[in-house]
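Since the structure is predicted, the reported quantities are computational estimates derived from the model, not experimental observations.
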Amino acid sequence: MNYKVNKLKNGIKVLTVPMPSLESVTVTVWVKTGSRNEDKKINGISHFLEHMVFKGGEKRPTAKLISEAVDSIGGEFNAATNKDWTNFYIKARAQNLETAFDVLSDMVLKPILDNEEIEREKGTIVQELNMYEDTPMIKIGDVFEELMFDGSSLGWDVGGVEKTVRNIMKNDFMRYRDIHYYPENMLVSVSGGVSQKTAINLAKKYFGNFKSRPKSKFKVTDFKPKQSKPQFRLKTKKNEQAHFILGFVGDGRNYKNKYVQAVLSTILGGGMSSRLFTEVRERRGLAYSVRSLIDRYQEVGYIACYAGVDTKKVEEAITVVLNQHYGIANKTLPITETELSKSKEYLKGHLALGLEDTGAVGEFFAFQELFSDKVRTPEEVYKEIDKVTVNDVYKEAKRLFVPSHLNLAIIGPYTNEDKFKKLLK
């Protein structure tokens, strides 16, 4: 799979991934900013701005006109906000590529930010925050990162809180855009049934006039883990299930052994034959959903396990999960070559299946272009995964899975924290 990155005169990068056999194309505008680039008073503004972009641009000054433009080509459009990136995309037939460029550029570069719409949207966002608050399976991730990244903007909720959202005004949006929405901080990815030449020409037409200016002086402070003992956070809530994430401080996006860690995470909780799924769900019936996960930011990350369990069996589930992690680290639960091979193929297979979608292809390359020290093709990633040995996995497990780097967050109907803290010792 081939890709190409070009830079327009104003500094915007354009990443193209031609896929000639496909009829569809996905155009995505990426901005290298998110909730960690906010200050406390405007926490949630990155996500709020994502909403406001869909309320109208200069050419199509209402949400209805934007929707009609996308519906008229049978396209799909949406956006997402994270801790350090925001994106906006349209997926459509390749023949309608120019319409996608036209709509996206107008929305993202020239949003109206109408005061009445801002006030109206505040209610919508507050309801979105309430929805997540009432969905422990989702909310537990926020609670865990609040614990893991305490004292840093990395620990703040991407959506903000009701108070900060209610206080955001048009001038706040204007200042935020001036600081973060400039050409050198943006990337346009185009993947699917399109030629590089066509993509570049359309990018020049619709994004080439966006004014370049000196790079923003805004800088975030790197998060430096100083954890020296296990950490715990409990969010008391009357649920039928207890939801927890148990994880260890890990490494940033460019860590040299990230593929080793990916294999380790897969052995633990990737798929229905993984160790955690087998031990927690199949053998003990403690959970319906249990899985491992890795998340990374530029300078720090974590490797963790999520489970939703019977409220009366949460302590047993936590113990089983811990034993599996420590069992690999100290080799009392050894990894077989068969298990290693299966985990590698699982990783490669899931990547290959995911890359059948044009949006996923654009995302795969764009994330690397934005944040990685080197952009690897899928074929290069497969080779890196194939290099991983059992000893590599043991070394990473021993380095990562130490009690002093352990974090546990729980949402459930509990008030006694001591019984959970004892488990972590």
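N6 and Q196 are linked by a side-chain donor-acceptor pair at a separation below 3.5 angstrom, with hydrogens and angles left out of the test. There is no side-chain donor-acceptor pair under 3.5 Å between S343 and T266. No hydrogens or angles considered: a donor-acceptor pair under 3.5 Å links the side chains of Q261 and R296. With hydrogens and angles left out, the side-chain atoms of Q227 and N407 include a donor and acceptor closer than 3.5 Å. Side-chain atoms of T389 and D392 form a donor-acceptor pair, as typed in the model, at a separation below 3.5 Å. Side-chain contact annotation: S46 with Y176, donor-acceptor N/O pair under 3.5 Å present. In the model, S273 has a side-chain atom that pairs as donor or acceptor with a side-chain atom of K342 under 3.5 Å. Q368 and Y3 form no side-chain donor-acceptor contact under 3.5 Å, judged by distance and modelled atom types alone. Looking at E121 and H51, their side chains do bring a donor and an acceptor atom within 3.5 Å of each other.
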E68 and K64: CA distance, side-chain angles, deciding distance, salt bridge (charged side-chain N to carboxylate O under 4.0 Å, His left out) verdict
CA-CA 6 Å; E68 286 177 345; K64 188 172 187 295; 2.4 Å; yes
F420 and Y414: ring-ring contact (aromatic ring centres under 6.0 Å, His included), yes or no, with the steps?
CA-CA 10 Å; F420 296 113; Y414 313 110; 5.1 Å; yes
Salt bridge (charged side-chain N to carboxylate O under 4.0 Å, His left out) between K83 and D157, worked out:
CA-CA 9 Å; K83 297 289 175 79; D157 192 321; over 6 Å; no
T81 and E50: CA distance, side-chain angles, deciding distance, side chain to side chain donor-acceptor pair (under 3.5 Å) verdict:
CA-CA 7 Å; T81 307; E50 174 212 313; 2.5 Å; yes
Check step by step if salt bridge (charged side-chain N to carboxylate O under 4.0 Å, His left out) holds for E23 and R93.
CA-CA 6 Å; E23 293 289 328; R93 291 179 65 218; 5.1 Å; no
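The backbone N or O of G271 sits less than 3.5 Å from a side-chain atom of S274, completing a donor-acceptor pair. Of the possible donor and acceptor atoms, none in the side chain of T358 sits under 3.5 Å from a partner among the backbone N and O of S24. Of the possible donor and acceptor atoms, one in the side chain of E38 sits under 3.5 Å from a partner among the backbone N and O of G44. At least one donor-acceptor pair under 3.5 Å links the side chain of N323 to the backbone N or O of T319. With hydrogens and angles disregarded, a donor-acceptor distance shorter than 3.5 Å links the side chain of S153 to the backbone of R36. A donor-acceptor pair under 3.5 Å links the side-chain atoms of E380 to the main chain of T377, judged by distance alone. Proximity of a side-chain donor or acceptor of S105 to a complementary backbone N or O of F101 within less than 3.5 Å is detected. A donor-acceptor pair under 3.5 Å is formed between the side chain of R275 and the backbone N or O of L333. With Y394 contributing its side chain and I335 its backbone, the two residues share a donor-acceptor pair below 3.5 Å. Between the side chain of K32 and the backbone N or O of L370, at least one donor-acceptor pair lies under 3.5 Å.
Looking only at side-chain heavy atoms (C-beta outward), V194 and T16 stay at 4.5 Å or farther from each other. The shortest side-chain heavy-atom distance between R175 and I42 does not fall under the 4.5 Å cut-off. Contact annotation: the side chain of K419 never approaches that of K421 to less than 4.5 Å [non-hydrogen atoms, C-beta and beyond]. Side-chain contact check for K122 versus F48: some heavy-atom pair is nearer than 4.5 Å. Looking only at side-chain heavy atoms (C-beta outward), D114 and K55 stay at 4.5 Å or farther from each other. Under the 4.5 Å side-chain criterion, counting only non-hydrogen atoms from C-beta, V103 is in contact with V70.
With a 6.0 Å radius and a threshold of 12 heavy atoms from other residues, nucleotides or ligands, K395 has its NZ atom at or below the threshold. Environment of CE in M174: sparse, with no more than 12 heavy atoms of neighbouring residues, nucleotides or ligands closer than 6.0 Å. Summarising the local packing, OH of Y132 is surrounded by 12 or fewer heavy atoms from other residues, nucleotides or ligands at distances under 6.0 Å. The neighbour count for F218 CZ, taken as heavy atoms of other residues, nucleotides or ligands under 6.0 Å away, is above 12. Residue N2 places its CG atom among 12 or fewer non-hydrogen atoms of other residues, nucleotides or ligands, all under 6.0 Å distant. Heavy-atom neighbours of E240 CD from other residues, nucleotides or ligands within 6.0 Å: at or below the threshold of 12.
In terms of heavy atoms, L147 sits closest to L408 at CD2-O, 3.4 Å. The shortest heavy-atom contact between A329 and A397 is CB-O, 3.6 Å. The nearest pair of heavy atoms linking I385 to K344 is O-CE, 3.4 Å. What you find for L400 and F248 is that their closest heavy atoms are O-CD2, 3.5 Å. Here the closest heavy-atom approach between residue G250 and residue V300 is recorded as O-CG2, 4.0 Å. Here the closest non-hydrogen pair linking A307 and V290 is CB-CG2, 4.1 Å.
Judged by the 6.0 Å distance and 45° axis criteria, K387 is not positioned over the aromatic ring of Y259.
Taking the six-membered ring where the residue is Trp, F77 and F54 present tilted rings, their angle falling between 30° and 60°.
The ring-ring contact (aromatic ring centres under 6.0 Å, His included) check on Y89 picks up nothing, with sequence neighbours excluded. Y382 pairs by the ring-ring contact (aromatic ring centres under 6.0 Å, His included) definition with nothing, not counting sequence neighbours.
In this structure, the separation between CH2 on W85 and OG on S35 is 11.0 Å, given to the nearest 0.5 Å. A distance of 6.5 Å separates CG in L246 from NE2 in H325, rounded to the nearest 0.5 Å. Atom NZ in K425 sits 12.5 Å away from atom CG in L406 (nearest 0.5 Å). Interatomic distance, CD1 of I410 versus CD1 of I245, reported as 11.0 Å (0.5 Å rounding). Taking NE2 of H47 as the reference point, atom CD1 of I168 lies at 10.5 Å (rounded to 0.5 Å). Atoms CZ and OG, on F277 and S292 in that order, are 12.0 Å from each other to the nearest 0.5 Å.
Classification of R166 and E162 as a salt-bridged pair holds, one side-chain N sitting under 4.0 Å from a carboxylate O. Of the charged side-chain nitrogens involved, none lies within less than 4.0 Å of a carboxylate oxygen, so that R284 and D310 do not count as a salt-bridged pair.
V402 pairs in a side chain to side chain contact (heavy atoms under 4.5 Å, CB included) with only one of the listed residues (R399, H405, K398), which is H405. When Y181, F88, F207, F367 are each tested for a ring pair (Phe, Tyr, Trp, His ring centres under 6.0 Å) with W30, only one passes: F367. Just one of Y302, Y255, F149, F371 meets the ring pair (Phe, Tyr, Trp, His ring centres under 6.0 Å) condition when paired with Y297; it is F149.
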